[in-house]
Protein chains: 2
Amino acid sequence: MKRTTIKDVANRLGVNPSTVSRALKDHPDIGLALREEVKRVATEMRYTPNRMAVQLRQRQSHLVGLVIPEITMFFYPSVIRGIEEVLEPRGYQLVMLPSNESPSREAQNLKFCGENQLAGVLISFTRHTLPSDGLSLLTNLEMPVVVFDKSLPDLPFDSVILEDEEAASRATRFLIDTGCRRIGGLFGSPNLLITQKRLQGFRNALSSANLPFVESMIRFAGNADEADLCVREMMVPEDAPDGLFMMSDEIVMGAYPAILRTGVNIPADCSVICISDGFVPGCYYPRISYLHHDGAGIGREAAHRLISLIDSDPSVSIPEHRMVNAVLIELESTNSIEKGE
Amino acid sequence: MKRTTIKDVANRLGVNPSTVSRALKDHPDIGLALREEVKRVATEMRYTPNRMAVQLRQRQSHLVGLVIPEITMFFYPSVIRGIEEVLEPRGYQLVMLPSNESPSREAQNLKFCGENQLAGVLISFTRHTLPSDGLSLLTNLEMPVVVFDKSLPDLPFDSVILEDEEAASRATRFLIDTGCRRIGGLFGSPNLLITQKRLQGFRNALSSANLPFVESMIRFAGNADEADLCVREMMVPEDAPDGLFMMSDEIVMGAYPAILRTGVNIPADCSVICISDGFVPGCYYPRISYLHHDGAGIGREAAHRLISLIDSDPSVSIPEHRMVNAVLIELESTNSIEKGE
DNA sequence: ATGCGTTGCACAATCGTTTGCGGTTGACAA
DNA sequence: TTGTCAACCGCAAACGATTGTGCAACGCAT
């Protein structure tokens with residue numbers, strides 16, 4: 001029950017394998033009549049080229065590595081959809097390489113990509129990866145790579161990220177504009193660059209509005225459970241915020257029910273806003289306005305960029321840093337204009 | 001900047017490539033001294049075998065295809081984690097092959113697996129795949145395959161699924177036991193086998209308790225938005241249910257906020273329960289008791305089975321159908337014992 | 001010294017394609 | 001008739017590894 005190879009087809013037709021190979025790719029050297037005949041027989045014999053052989057010969061695998069810190073239900077599924085959308089029609093396949101938030105595993109994954117000459121790599125770093133380590137990893141890689149979302153500072157590689165600072169700033173300003181004056185912030189892992197940038201945006205918005213930045217009004221939560229805790233700490237009778245910025249879906253899913261549980265009324269007592277991929281905010285009542293963090297869009301962008309890197313001369317390309325902008329989606333119900341008037 | 005091949009190493013040592021190959025895998029034919037020397041030089045020269053060449057030679061790719069209907073935020077991320085957990089240590093890599101709920105794309109994906117002789121395939125079918133089509137697809141595949149979660153009836157292939165009927169039945173019984181008498185059900189796509197089985201379990205529980213099955217008390221929703229609609233239809237003043245079974249996380253995220261929006265009080269007016277992977281139920285307030293649909297567990301099981309299929313003689317294995325059982329996780333707050341007493 | 005069995009390595013074929021080059025036809029112009 | 005040039009196709013060498021077989025050298029018993 002062996003697969004039919006190009007030789008089988010050649011033998012059947014009494015021609016040379018090379019002829020079959022050329023005929024199938026419409027090489028002009030092969031006569032038109034024979035070309036058609038070859039194709040006919042090939043499909044009849046259900047011939048399909050052996051990918052491993054092809055890859056060995058052309059030194060290219062048409063596989064793209066996706067190195068992500070962890071395969072969570074947030075963000076990455078959308079990213080993958082976006083990536084697939086552009087990769088699939090071009091014949092590339094995606095290989096999952098989750099790092100489980102471990103830098104060593106991440107290094108392993110990258111090594112895998114290098115050793116197996118994948119066509120390229122899409123990477124989002126773990127929260128524990130040191131900038132210097134990330135730099136050297138990618139430098140040693142010597143293959144097309146684009147970093148997305150969880151990037152590191154000053155990386156001389158192509159990247160696609162959200163305009164984090166701006167998004168956070170806009171979100172915070174939105175709270176301010178709807179009358180909030182004591183604004184709290186719930187952030188993710190503090191070592192993440194995106195956390196730092198979103199925090200910066202948050203602070204900027206406050207200071208632009210001449211509101212004080214109060215250290216005790218912000219909290220960092222590594223996951224939903226921690227967000228729950230943070231909320232319980234924040235929502236103390238006297239000092240509770242009248243507006244809350246949450247930097248991600250995961251934070252929301254931990255914090256939102258916690259807010260409700262403390263008896264705080266949304267939006268009467270406290271307005272909320274978040275940065276989100278878009279699904280989660282609609283799954284709460286009242287619904288949550290958000291700055292759209294378009295996962296699929298980022299995935300598409302990153303994949304596009306990677307493809308063009310693969311197709312181009314690696315030596316001449318200079319790194320491009322793309323910022324995807326976030327648009328405000330107002331769901332109205334978690335914010336009340338009247339507050340504070 | 002070429003990679004160092006086995007020949008380079010061989011030349012450097014003045015030996016034959018075959019010797020290097022054997023030395024590196026501790027073949028007894030090679031003298032101990034030389035063996036060590038080869039290894040030393042190999043690592044020194046940063047030699048790493050070319051995977052494509054190896055694969056071509058051994059006719060095995062160490063790649064496993066993951067064919068899923070769609071990469072959603074529900075369930076599949078956990079499944080992938082489970083799969084990775086067992087695949088990665090064994091040197092297999094996962095290739096993503098989302099079908100986007102399209103049977104033709106699914107067929108393409110499966111064809112891809114066949115043509116590129118992946119080591120094996122893990123598949124969950126789209127909601128539109130006809131049982132006969134699925135059967136013929138897998139039959140033509142001629143390679144190790146295990147079906148998980150979204151299976152089809154009477155498939156002569158290995159499968160790992162949740163004990164859907166039993167889980168739904170237990171969930172419903174739980175509602176009954178806590179005093180509910182007018183129990184509604186929110187289900188997913190009706191063409192899915194798992195939907196049918198969960199519906200069956202739901203009905204069984206009702207009839208065991210001598211409660212009538214009312215057609216108008218159940219609804220099918222393809223996604224969260226539809227679930228939202230269904231709830232609005234169901235929660236009419238007079239005929240509203242006093243207990244609601246929801247068959248999945250996605251349904252919950254659409255339905256739960258909808259219930260709240262209708263003003264219905266949980267659990268005072270209506271108890272709820274669902275089948276879930278575990279994260280979502282904790283992200284609502286009040287929290288939702290659920291039957292645990294262990295995605296990671298199913299992923300691990302499926303991967304294990306696939307590995308053993310790959311390692312075993314394909315002709316002698318007889319299909320095994322594994323049922324993962326669901327355990328009840330009581331979160332207490334969405335159900336009140338006192339109701340109806 | 002002869003025969004035999006190990007040990008330790010080299011040779012060459014092989015996996016299935018692709019591709020540079022060379023060679024055979026035939027037409028057609030000189 | 002000879003030379004030229006296309007048009008077509010075959011030959012064989014790659015790509016980088018693995019593996020069955022062959023064979024020299026050596027030890028040891030006879």
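Each chain gets a letter, A, B and so on, in the order its sequence line appears, and its residues count up from 1.
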- Query: Which part of the nucleic acid, if any, lies within reach of B:Thr4 when heavy atoms closer than 4.0 Å are counted: base, sugar-phosphate only, or nothing?
  - Reply: nothing
- Item | B:Lys111 with B:Glu115: basic N within carboxylate O range, under 4.0 Å | yes
- Message: Between C1' on C:dT19 and CG on A:Leu56, what's the gap in Å once rounded to a whole number?
- Response: 14 Å
- Query: Is the CG atom of B:Asp154 crowded by more than 12 outside heavy atoms at less than 6.0 Å?
  - Reply: no
- Query: Under 3.5 Å, is there a donor-acceptor pair linking the side chains of A:Ser18 and A:Asn16?
  - Reply: yes
- Can you find a side chain N or O atom of B:Gln58 that sits less than 4.0 Å from OP1 or OP2 on C:dT14? no
- When you measure from the side chain of B:Asn50, which nucleotide among D:dC9, D:dG16, D:dC11 comes out closest? D:dG16
- Query: Which whole-number value in Å describes the distance from A:Asn16 CG to C:dG16 C1'?
  - Reply: 13 Å
- Rounded distance in Å - NZ (A:Lys7) to P (C:dT17): 9 Å
- Message: What is the distance, to the nearest angstrom, from the CZ atom on A:Arg59 to the P atom on D:dA17?
- Response: 11 Å
- Query: CG of B:Asn116 versus P of C:dC15: gap in Å, rounded?
  - Reply: 19 Å
- Query: Per the atom types in the model, does the base of C:dG20 pair as donor or acceptor with the side chain of A:Arg22 at under 3.5 Å?
  - Reply: yes
- Report yes if a donor N or O on one partner sits less than 3.5 Å from an acceptor N or O on the other, where the partners are the side chain of A:Thr5 and the base of C:dC15; otherwise report no. no
- Take atom NE2 of B:His27 and atom P of C:dA10, then tell me their distance rounded to the nearest Å. 13 Å
- Query: Is A:Glu85 salt-bridged to A:Arg81, going by a charged N under 4.0 Å from an acidic O?
  - Reply: no
- Query: Does any N or O donor sit under 3.5 Å from an N or O acceptor when you compare the side chain of A:Asp29 with the base of D:dC8?
  - Reply: no
- Message: Quick check: on DNA chain C, is the nucleotide nearest B:Arg57 upstream (toward 5') of the one nearest B:Ile30, or the reverse? Name the residue that is more 5'.
- Response: B:Ile30
- Message: Check this one for me: any side-chain N or O of B:Lys25 less than 4.0 Å away from OP1 or OP2 of D:dT18?
- Response: yes
- Message: Tell me the interatomic distance from A:Met52, atom CE, to D:dC15, atom C1', rounded to whole angstroms.
- Response: 15 Å
- Quick one: do A:Arg305 and A:Glu320 make a salt bridge, cutoff under 4.0 Å? yes
- Item | d(CD, B:Glu115; C1', C:dG16) in whole Å | 15 Å
- Message: Strictly below 4.0 Å: does B:Ser21 bring a side-chain N or O up to OP1 or OP2 of D:dT18?
- Response: yes
- Query: Taking only side-chain nitrogens and oxygens of B:Tyr47, does any of them come within less than 4.0 Å of OP1 or OP2 of D:dA17?
  - Reply: yes
- Message: Quick check on D:dG16: is either OP1 or OP2 less than 4.0 Å from any side-chain nitrogen or oxygen of B:Gln55?
- Response: no
- N/O donor-acceptor pair, side chain B:Ser18 with base C:dC11, under 3.5 angstrom: yes
